[in-house]
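To start, the structure itself, in structure tokens.
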There are 2 protein chains.
Amino acid sequence: MITIGDAAERSGVSAKRIRHYESIGLIDAADRSKAGYRLYDARQVEELGFIRRARDLGFSIEQIEDLLALWRDRERSSADVKRLALKHVADLEARIVELQAMAGALKHLAATCQGDDRPDCPIIQGLAGAPAAPRTGGKAPRTR
Amino acid sequence: MITIGDAAERSGVSAKRIRHYESIGLIDAADRSKAGYRLYDARQVEELGFIRRARDLGFSIEQIEDLLALWRDRERSSADVKRLALKHVADLEARIVELQAMAGALKHLAATCQGDDRPDCPIIQGLAGAPAAPRTGGKAPRTR
DNA sequence: ATGGGGGTTGCCATCATGGGAAGGTCAAGG
DNA sequence: CCTTGACCTTCCCATGATGGCAACCCCCAT
């Protein structure tokens with residue numbers, strides 16, 4: 001039985017997080033020493049490691065609750081796990097697409113920006129009114 | 001002079017957000033009617049639209065403060081704007097890379113998961129201890 | 001017994017926003 | 001004139017997942 005600091009070091013989950021996870025019911029309340037110190041055994045450290053790895057993969061606490069339930073359940077069907085994982089992959093990819101759209105739009109605006117000491121700037125102009133610099137074939141009226 | 005609801009509709013920024021932006025000093029406090037209603041003119045609506053578009057591109061409120069200052073500054077150099085924009089593009093791309101790493105790792109795990117009604121599951125095994133399913137050439141010991 | 005390095009709880013802050021309560025205001029219509 | 005409903009106001013609470021800090025307790029070695 002080790003204390004929270006050691007459990008944190010071994011699992012890679014900060015003591016603060018461990019207490020937080022306990023407070024929200026993600027993990028069971030740890031046993032306490034006579035002095036009130038939380039005590040952890042190998043199984044709990046392993047569980048914390050599981051949680052950390054899931055977090056590293058971007059799973060939310062809520063999803064991790066489900067993953068933990070499946071991990072503990074010897075009768076689980078791998079289909080359930082796979083469904084959860086693929087749903088998360090889809091979520092991640094949706095976010096990636098969103099971010100790519102932002103980055104793309106911004107790069108497009110930045111590409112036509114001189115970047116000199118004059119005030120003319122398609123980026124600012126794009127943010128003000130103009131949806132995204134029309135440029136309908138090179139014949140667009142000079143914005144300046 | 002229109003009220004906050006109309007300004008919200010025309011700018012695409014919710015009334016709630018407009019009040020919030022005012023409270024944090026992102027925009028100036030609006031004039032008030034005798035009854036205390038906030039009143040907006042076309043310029044302010046335009047400014048709100050600017051903010052909304054910047055938010056759509058993923059800029060933080062803090063960055064938008066800078067963008068607004070540049071927008072208002074006729075003496076600005078487009079280089080300053082461009083630098084801000086490209087910094088943000090870099091941030092976005094860093095986040096994209098992170099998310100791609102997560103999605104990739106998870107897809108890798110999911111790919112070898114049967115997804116049937118048996119409990120065997122490389123995804124769960126990957127989250128527990130094993131960094132990422134070794135599979136050193138097909139001769140890896142069956143985990144089951 | 002004392003000092004230092006743990007542990008404990010609890011509150012506040014983040015970031016940007018939504019929700020809702022409690023109450024004031026305005027325009028229209030009976 | 002009064003009601004109704006749609007608007008506005010302020011203020012407080014909640015989100016997700018953490019970090020930071022304060023005030024206090026505990027244990028071990030010197």
Side-chain angles (χ1 to χ4, degrees), chain A residues 1-27 29-41 44-45 47-48 50-68 88 91-92 95 98-99 102, chain B residues 1-27 29-41 44-45 47-48 50-68 88 91-92 95 98-99 102:
Chain A
M1 296 296 251
I2 60 179
T3 57
I4 199 169
D6 293 333
E9 197 174 346
R10 294 192 200 182
S11 65
V13 179
S14 74
K16 196 89 195 202
R17 290 184 195 186
I18 297 176
R19 292 192 197 99
H20 177 62
Y21 292 160
E22 182 184 305
S23 80
I24 61 173
L26 180 63
I27 57 178
D31 285 344
R32 300 291 184 118
S33 73
K34 270 185 297 189
Y37 284 21
R38 287 177 181 78
L39 296 175
Y40 297 86
D41 61 22
Q44 290 166 299
V45 170
E47 183 168 271
L48 288 168
F50 181 96
I51 292 169
R52 183 184 51 74
R53 280 179 285 269
R55 289 255 60 197
D56 288 348
L57 289 175
F59 284 100
S60 69
I61 298 292
E62 203 176 358
Q63 289 172 312
I64 293 175
E65 266 179 71
D66 296 340
L67 287 172
L68 280 172
H88 183 47
D91 290 350
L92 289 172
R95 287 175 54 199
E98 260 187 64
L99 295 181
M102 292 178 189
Chain B
M1 295 297 252
I2 59 178
T3 58
I4 198 168
D6 292 333
E9 197 174 343
R10 295 191 200 181
S11 65
V13 178
S14 75
K16 200 85 192 198
R17 288 186 196 185
I18 296 175
R19 290 192 198 98
H20 177 62
Y21 291 160
E22 182 184 306
S23 83
I24 62 174
L26 180 64
I27 57 178
D31 284 344
R32 300 294 183 116
S33 73
K34 270 185 296 188
Y37 285 19
R38 286 176 181 80
L39 295 176
Y40 298 86
D41 61 23
Q44 288 166 302
V45 170
E47 184 169 89
L48 288 168
F50 181 97
I51 293 170
R52 182 184 52 73
R53 280 179 284 272
R55 288 255 63 195
D56 288 348
L57 289 175
F59 285 100
S60 70
I61 297 293
E62 203 176 358
Q63 290 172 311
I64 293 176
E65 265 179 73
D66 296 340
L67 287 173
L68 278 173
H88 183 47
D91 290 348
L92 288 172
R95 288 176 53 199
E98 262 187 61
L99 295 181
M102 293 178 188

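Note: hydrogens, waters and symmetry copies are ignored here, and every other heavy atom, side chains too, is used. Chain letters run A, B, ... following the sequence lines, proteins first and then strands; every chain starts at 1. Remember, it's a predicted structure, so these values are computed and weren't measured experimentally.
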Under 3.5 Å, side-chain donor or acceptor atoms of residues 1-10 of chain B against the rest of the protein: list the pairs with distances, not counting sequence neighbours.
none

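- Counted within 6.0 Å of CZ on B/R95, heavy atoms from surrounding residues, nucleotides or ligands total 12 or fewer; the atom is thus considered open.
- Heavy-atom distances under 4.0 Å link DNA chain D to B/T3, B/I4, B/G5 of residues 2-13 of chain B, given in residue order.
- Proximity of A/Y21 to the phosphate of D/dT18: a side-chain N or O atom is located under 4.0 Å from OP1 or OP2.
- Every residue meeting the ring pair (Phe, Tyr, Trp, His ring centres under 6.0 Å) condition with A/F50, not counting sequence neighbours, appears here in chain and number order: A/W71.
- When distances run from any side-chain atom of B/R32 to the nucleotides D/dG19, D/dT18, D/dT10, the shortest one goes to D/dT10.
- From B/E62, atom CD reaches atom CG of B/L26 across 11.0 Å, with rounding to the nearest 0.5 Å.
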Distances for protein N/O vs nucleotides 20-23 of chain D N/O pairs under 3.5 angstrom?
residue	atom	partner	partner atom	Å
D/dG20	N7	A/K16	NZ	2.9
D/dG20	O6	A/K16	NZ	2.2
D/dC21	N4	A/K16	NZ	2.9

Requested in this report: Going 5' to 3' through nucleotides 25-30 of chain D, assign each nucleotide B (protein heavy atom under 4.0 Å from a base atom), S (under 4.0 Å only from sugar-phosphate atoms) or - (no protein heavy atom that close).
Outcome: -BS---
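- Taking the side-chain hydrogen bond (donor to acceptor under 3.5 Å, both in side chains) definition, one finds that A/Q44 meets it with nothing, sequence neighbours left out.
- In this structure A/Y40 satisfies the ring pair (Phe, Tyr, Trp, His ring centres under 6.0 Å) test with no other residue, sequence neighbours excluded.
- Judged as a side-chain hydrogen bond (donor to acceptor under 3.5 Å, both in side chains), and not counting sequence neighbours, the contacts of B/D56 are B/R52.
- Mapping B/R55 and A/R19 onto DNA chain C by nearest heavy atom places A/R19 at the nucleotide closer to the 5' end.
- In 5' to 3' order, the nucleotides of DNA chain C bounding all contacts with chain A (an atom under 4.0 Å from a heavy atom) are C/dG6 to C/dG10.
- Put simply, CG on A/L26 is 12 Å from C1' on D/dA17, counting in whole angstrom units.
- In this structure, CG in B/D41 is found 8.0 Å from CG in B/D31, a value given to the nearest 0.5 Å.
- Between the side chain of A/H88 and the backbone N or O of A/L57, at least one donor-acceptor pair lies under 3.5 Å.
- For the contact set between residues 60-68 of chain B and DNA chain D, defined by any heavy atom under 4.0 Å, there are no members.
- Contact annotation: the side chain of A/I51 approaches that of A/R55 to within less than 4.5 Å [non-hydrogen atoms, C-beta and beyond].
- With sequence neighbours excluded, the residues that form a side-chain hydrogen bond (donor to acceptor under 3.5 Å, both in side chains) with A/D91 are A/K87.
- Look at B/R38 and you'll find a side-chain N or O under 4.0 angstrom from OP1 or OP2 of D/dT9.
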Show me the donor-acceptor pairs, under 3.5 Å and distance only, between side chains in residues 14-25 of chain A and residues at least two apart or in other chains.
residue	atom	partner	partner atom	Å
A/S14	OG	A/R17	N	3.1
A/E22	OE1	A/A30	N	3.3
A/E22	OE1	A/R38	NE	3.1
A/S23	OG	A/H20	O	2.8

